[in-house]
*Asks:* 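Here's a structure for you.
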Amino acid sequence: MNFRAALGLMRSIAIYYNPVRVRQLRRHYAGIIRRGDLVIDVGAHVGSRSRAMRAAGARVVAVEPQEPFAGFLARSLPRDVTLIRKALGPSEAVASMAVSSLHPTVSSLSQGFTREAADAPGFDHVCWDRRQQVQVTTLDRVIAQHGLPQFVKIDVEGFEEDVLAGLSQPVPMLSVEYLPAFRDRTLRVMARLAQLGDYRFNVVRGETGVFLWDDWRDAEQVAEWLATLPRDGGSGDLYARMVPAKS
């Protein structure tokens, strides 16, 4: 491991295992996950969310291809968490990931994302300084191997739509990261989810672990809300929940 990669790893551990953040995550996931639920953490990074979901009683499948994080997870995650050291995408493949050694949370398989980020607020300090070849599988393949999850968390820096292209059936609940500077990507994610099933949406801003709205809203309402956000507004997670079928 080179010095910059080691520094990026240590920085992420310090940020994401902050005790306040850990408590917020555990409280949040305890409110949406039931004991025994199967969940898939796509883009597990340093495993803070995988651990929080496990603390809520979930059976966790963590997906993380990026080194040194995949190696860190293999050494540090509890043995009952299943680790897949691959990326997820539309098909089985080998792909090239643009890696930011000092800011590894923004490493991405999306070439379009890294190009767009050059002019996006908040990315002026980011340098994608190396590339890593990663194995890519699909959500469908993971589900075939491990079962249908109750919840899927996806945080893959602009590659969310590609991950969902490898899913051919609805799942009860998902979350994807949103970035106001990349609003069109979030809109395309919602359009893809509409192809899979009837979903309603809610938002968690930043790492607060608290839903923004008391009600779950449709895609049009979310699009209107996204349009009000400044491009330099903070990121967060967009949650999608299946509407129960009428009996």
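Computation of the quantities below employed the complete heavy-atom set of this structure, encompassing side-chain atoms and omitting hydrogens, waters and symmetry-equivalent molecules.
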*Asks:* Would you check if the side chain of Thr114 reaches a backbone N or O of Gln111 as a donor-acceptor pair within less than 3.5 Å?
*Replies:*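 Confirmed, Thr114 side chain pairs with Gln111 backbone.
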*Asks:* Show which side-chain atoms of residues 22-36 pair as donor or acceptor with protein atoms under 3.5 Å away, not counting sequence neighbours.
*Replies:*
| from | atom 1 | to | atom 2 | distance (Å) |
| --- | --- | --- | --- | --- |
| His28 | ND1 | Gly209 | O | 3.2 |
| His28 | NE2 | Tyr239 | OH | 2.7 |
| Tyr29 | OH | Arg49 | NH1 | 2.8 |

*Asks:* I'd like to know if the side chain of Asn202 and the backbone of Trp213 have a donor-acceptor N/O pair within less than 3.5 Å.
*Replies:*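 Side chain of Asn202 to backbone of Trp213: a pair is present.
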*Asks:* With no hydrogens and no angle check, is any side-chain donor or acceptor of Arg200 less than 3.5 Å from a backbone partner on Trp216?
*Replies:*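 Between the backbone of Trp216 and the side chain of Arg200 there is no qualifying donor-acceptor contact (under 3.5 Å).
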*Asks:* Taking 4.0 angstrom as the limit, do Arg85 and Glu67 come out as a salt bridge?
*Replies:*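 Counted as a salt bridge, because a side-chain N and a carboxylate O are separated by less than 4.0 Å.
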*Asks:* Check whether Lys153 reaches the backbone of Ser50 with its side chain - one donor and one acceptor, N or O, closer than 3.5 Å.
*Replies:*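 Here the side-chain-to-backbone pair does not exist.
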*Asks:* Is it true that a side-chain atom of Asp129 and a backbone atom of Ser101 form a donor plus acceptor pair closer than 3.5 Å?
*Replies:*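 Confirmed, Asp129 side chain pairs with Ser101 backbone.
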*Asks:* Please indicate whether Arg141 has more than 12 foreign heavy atoms, meaning atoms of other residues, nucleotides or ligands, lying under 6.0 Å from its CZ.
*Replies:*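 No, because the 6.0 Å sphere around CZ of Arg141 holds 12 heavy atoms or fewer from other groups.
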*Asks:* Looking at residues at least two apart in the chain, or sitting in another chain, which of them share a ring-ring contact (aromatic ring centres under 6.0 Å, His included) with Phe69?
*Replies:*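 Applying ring-ring contact (aromatic ring centres under 6.0 Å, His included) to Phe69 gives His45.
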*Asks:* Judged by atom type as modelled, is there a donor-acceptor pair below 3.5 Å linking the side chain of Asp140 to the main-chain atoms of Ser168?
*Replies:*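 Yes.
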*Asks:* In the single-linkage hydrophobic clustering (I, L, V, M, F, W, Y; side-chain heavy atoms under 4.5 Å), do Met53 and Leu77 co-cluster?
*Replies:*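 Yes, one cluster joins them.
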*Asks:* Can a donor-acceptor pair be found, under 3.5 Å and without considering hydrogens, that links the side chain of Glu224 to the backbone of Gln221?
*Replies:*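 No: the side chain of Glu224 does not pair with the backbone of Gln221.
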*Asks:* Before we go on, tell me: are the rings of Trp225 and Phe201 under 6.0 Å apart, centre to centre?
*Replies:*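 Not under 6.0 Å, so no.
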*Asks:* If you group Ile, Leu, Val, Met, Phe, Trp and Tyr by side-chain heavy-atom gaps below 4.5 Å, do Ile154 and Leu38 land in one group?
*Replies:*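 Linked within one cluster.
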*Asks:* Ser107 pairs by side chain to side chain donor-acceptor pair (under 3.5 Å) with which of Arg130, Gln132, Gln66, Arg131?
*Replies:*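 With Ser107 as partner, Arg130, Gln132, Gln66, Arg131 yield a single side chain to side chain donor-acceptor pair (under 3.5 Å), made by Gln66.
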*Asks:* Mark yes or no for whether Glu160, through its side chain, and Gly158, through its backbone, hold a donor-acceptor pair below 3.5 Å.
*Replies:*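 Answer holds: yes.
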*Asks:* Report yes or no: do Ser175 and Asp237 form a side-chain donor-acceptor pair below 3.5 Å?
*Replies:*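 Their side chains do not contain a donor-acceptor pair, so the 3.5 Å distance test is not met.
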*Asks:* Please test Leu109 against Val156 for side chain to side chain contact (heavy atoms under 4.5 Å, CB included), starting from the C-alpha separation and ending with a verdict.
*Replies:* CA-CA 8 Å; Leu109 282 169; Val156 289; over 6 Å; no
*Asks:* Do Phe182 and Phe113 have ring centres separated by under 6.0 Å?
*Replies:*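 They qualify: ring centres under 6.0 Å apart.
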*Asks:* Has Ser100 got a side-chain atom pairing as donor or acceptor with Cys127's backbone, closer than 3.5 angstrom?
*Replies:*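 Side chain of Ser100 to backbone of Cys127: a pair is present.
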*Asks:* Heavy-atom count check: over 12 atoms from other residues, nucleotides or ligands less than 6.0 Å from Glu220 CD?
*Replies:*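 No, not enclosed.
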